[in-house]
Chemist: 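Before I ask anything, let me first share the structure, which is written out below as structure tokens.
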There are 2 protein chains.
Amino acid sequence: MAQLTLKDLARKLGISASTVSRALHDHPDISKKTKQLAMDAAEKYGYQPNPMAQSLKKKRSNIIGVIVPEIRHNFFATVISGIEEVTYDAGYIIMVCQSNESLSREIANTKALTANRVAGLLMAISLETTTCDHIKNVIKHGIPLVQFDRVVEELETGKVCIDDFRAAYKATSHLIDCGYKRIGFLAGREGISLNRMRFNGYFEALKNHGATYYPELNINIGGCRGKNGRYGADEYLKMDNPPDAVLAINDPVAVGAFCRCREAGLRIPEDIAFAGFSGSPESALIEPALTTISQPAFEMGKTAASLLLKQLDSKDEAYTPKTIILETELLIRGSSWKRGTK
Amino acid sequence: MAQLTLKDLARKLGISASTVSRALHDHPDISKKTKQLAMDAAEKYGYQPNPMAQSLKKKRSNIIGVIVPEIRHNFFATVISGIEEVTYDAGYIIMVCQSNESLSREIANTKALTANRVAGLLMAISLETTTCDHIKNVIKHGIPLVQFDRVVEELETGKVCIDDFRAAYKATSHLIDCGYKRIGFLAGREGISLNRMRFNGYFEALKNHGATYYPELNINIGGCRGKNGRYGADEYLKMDNPPDAVLAINDPVAVGAFCRCREAGLRIPEDIAFAGFSGSPESALIEPALTTISQPAFEMGKTAASLLLKQLDSKDEAYTPKTIILETELLIRGSSWKRGTK
DNA sequence: AACGACACCGCAAACGTTTTCGGTAGTATT
DNA sequence: AATACTACCGAAAACGTTTGCGGTGTCGTT
């Protein structure tokens, strides 16, 4: 019933708890024989050290904290899956929190996780996160941190993301190539760098290809879920001069807008084309399939976790945080055809 | 940098740590004045109790363990979201593990979570889970447990699920009503009760409506992801007498099979109809949309978590575990039309 | 014979809490 | 004036580890 403790084990063996502890940790001061004895007994009685006691003593747990905006987002769920994969192998377990895209909630999350003395932290910030004292606070506590996907640039932490500028640039260029003239942009609040980067890529592509930027087609849809996409589409539908193509901040938004437009009787891509970000499963299922920037979500989770683990191992030495940019691919599909070819 | 401890706070106030502890816990032995003093100081200096020390002392943490087969499954991601929602409000945080549909991994997960002295455990078993000593072990450790979705019936634990038999029965009856004659069934391994229940519902519906059960159309596809669905469809496509309708164990499988069949040139639902389980987002996106049993995933997470919390609160008294059956709805959509009406 | 070197092990303190048990005032009761 | 409450607080042990330090015994060296 109650877990076996180190003392119990020591008593059974007739030696002291400290010796058993050292034996199980392969300490040089302990003889081969005693070590074998201890390990056998531990095995036999199924001894499991109490992580709380260990953490208390070592001031550091075997827990890795993860904060994502929303677990339900396929993208983040997949990232978490990747994280879990490598942290599991390394003997850590993950504590998952979601900020629900709210700053206050994110702050509460960081507090809860630092209070729980997580060994390290992996996070993607919320859409509301413009200030980042709470993140600095994590760093001040000496907790290694790796940001992924949505990062705040200024902070000196490990980072794993994609080249948002280039990806958006590529996607927009593709739309221009296809012959679309009025290209809209749908994104949430402007605060976070990811949104800015993608917008910049979109904007630069327009400029460099001599296409016009119509500010009214750049709509702040306030979030990045399907419903926000639908809202954006509604705005477009009200216009006298709606866009003929749309770059959305991610697939759910693209799909939401896509569906709304089709419900309104628009043909895709003849009347309006779409491109998104993520390469989510649903992007391949809709008809026509969605042109999208495929992001390696699982990979991102794995690399972020690996980066953190490396940081944890080399904790004592001075460690300069690395930034890793993962490759993306523009998947050209039915939702954006060359004008006139269909 | 280092977190402020109770002792630090006590020293600052010139009173003992025990008094501060009691004050912050609103213990009757402490005067109003001292309590106010302590709370103010705690507020001012941002004191946060160390959960590891608390857990060590109280032999019970503020962590709730969650084990799911796969985080990436939209269904489970949504359940987790629901869990997080209510546990967060109650001051717990969740530790998420995935079994990857593997029994050995699930066992490792339960071990890790009990080792971490989780206050309670929420789980949906893997497809491989036929033996359940590891779960019994959790119970023996006195850790309250609530199963959801995929439950093992025999165990005396809290349970939150749907009426799998009735749901499958309803869906199958619908297909029969539509005029389909050769109705197939796609599911993973037979071990777990959920699969059995759904099969039984399917089987009984066939029997009670005078429809024939063709054993060769009941294929064990070995898993419950899209690729397994595709595999099932491949098997069907090889047959001289393929089914004219298919009930799949869940939406990903249904969608996988659906897409494979369409790739093979079959028309849906004229040549072959489909029905799934979950009411996942993608079920609504494919064309024609998938007929499916909508399951309240978010709700399921919330109820499971609430049930567990209730169990945690009334821990001392004898508590008889409850089973909660959530309502489902048959969403009839384009993938299953009445024969001849189209 | 005395000395250090070495291998091995235990004592006890520490980590930050909670909680039991007392202890000290002060006040009210006989 | 002795007793009995009450109200409030502190010392110390405990939770299960880890670890610094010291201690014992054995051995080889002078």
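Any value given below was found using the heavy atoms of this structure, including those in side chains, with hydrogens, waters and symmetry copies removed. Remember, predicted model here, so these are calculated numbers, not experimental data. A note on names: the letters A, B, ... follow the listed sequences, proteins ahead of strands, and every chain is numbered from 1.
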Chemist: For B/Asn50, which contact category applies under a 4.0 Å heavy-atom criterion: base, sugar-phosphate, or nothing?
Modeler: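 Sugar-phosphate contact only.
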Chemist: Please confirm whether the backbone N or O of B/Leu127 pairs with a side-chain atom of B/Glu101, one donor and one acceptor, at under 3.5 Å?
Modeler: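 Between the backbone of B/Leu127 and the side chain of B/Glu101 there is a qualifying donor-acceptor contact (under 3.5 Å).
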Chemist: With side chain to side chain donor-acceptor pair (under 3.5 Å) as the test, pick out the partner of A/Ser81 among B/His73, B/Glu70, B/Gln98.
Modeler: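 With A/Ser81 as partner, side chain to side chain donor-acceptor pair (under 3.5 Å) holds for just one option, B/Gln98.
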Chemist: Touch check for A/Ser55, heavy atoms < 4.0 angstrom, all strands: base, sugar-phosphate only, or nothing?
Modeler: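 If one applies the 4.0 Å heavy-atom cut-off, A/Ser55 turns out to touch nothing in the nucleic acid.
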Chemist: Which nucleotide wins on minimum distance to the side chain of A/Arg22, given the candidates C/dG16, C/dG10, C/dT18?
Modeler: C/dG10
Chemist: Would a distance-only check, ignoring hydrogens and angles, find a side-chain to backbone donor-acceptor pair under 3.5 Å from A/Gln147 to A/Val152?
Modeler: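 Such a contact is found between A/Gln147 side chain and A/Val152 backbone.
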Chemist: Report the nucleotide, chosen from C/dT17, D/dT17, C/dC11, that has the shortest atom-to-atom distance to any side-chain atom of A/Ser16.
Modeler: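 Of the candidates, C/dC11 comes closest.
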Chemist: Identify which nucleotide among C/dC9, D/dG16, C/dT17 has an atom closest to any side-chain atom of B/Leu6, counting heavy atoms from C-beta outward.
Modeler: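 Within the option list, the nearest is C/dT17.
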Chemist: Counting side-chain heavy atoms from C-beta on, which of C/dC8, C/dT17, C/dC21 comes nearest to A/Asp29?
Modeler: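 Among C/dC8, C/dT17, C/dC21, the one nearest the side chain of A/Asp29 is C/dC8.
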Chemist: Write down the protein N/O and nucleotide N/O pairs, taken from nucleotides 25-27 of chain C, whose separation is under 3.5 Å; answer none if there are no such pairs.
Modeler:
none

Chemist: If you find the nucleotide of DNA chain D closest to B/Gly14 and the one closest to B/Lys57, which residue's nucleotide is nearer the 5' end?
Modeler: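 On the 5' side of the pair lies B/Gly14.
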Chemist: Counting C-beta onward and ignoring hydrogens, is there a side-chain heavy-atom pair between B/His134 and B/Leu103 closer than 4.5 Å?
Modeler: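 Yes, their side chains come closer than 4.5 Å.
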Chemist: Over how many whole Å does the gap from A/Met52 atom CE to D/dT17 atom P extend?
Modeler: 12 Å
Chemist: So does A/Ala17 get a backbone contact from the side chain of A/Lys7, meaning a donor-acceptor N/O pair under 3.5 Å?
Modeler: no
Chemist: In degrees, rounded to 10°, what is the bend between the two ends of the helix from C/dA1-D/dT30 to C/dT29-D/dA2, using five pairs at each?
Modeler: 80°
Chemist: Quick one: does A/Arg117's side chain have a donor or acceptor within less than 3.5 Å of a partner on A/Ala115's backbone?
Modeler: yes
Chemist: Pick the closest DNA chain C nucleotide for A/Pro28 and for A/Ser18 by heavy atoms, then say which residue is nearer the 5' end.
Modeler: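 Closer to the 5' end of DNA chain C: A/Pro28.
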Chemist: Do A/Leu122 and A/Ile64 have side chains that approach each other closer than 4.5 Å (heavy atoms only, starting at C-beta)?
Modeler: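 A side-chain contact under 4.5 Å exists here.
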Chemist: For B/Val118, does its backbone N or O pair with a side-chain atom of B/Asn116 as donor and acceptor, under 3.5 Å?
Modeler: no
Chemist: Please determine, for the side chain of A/Lys7, which listed nucleotide (C/dC9, D/dC15, C/dG16) has the closest atom?
Modeler: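 Selected nucleotide: D/dC15.
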Chemist: When A/Cys161 is tested against each of A/Ile324, A/Thr303, A/Ile325 for side chain to side chain contact (heavy atoms under 4.5 Å, CB included), which residue passes?
Modeler: A/Ile325
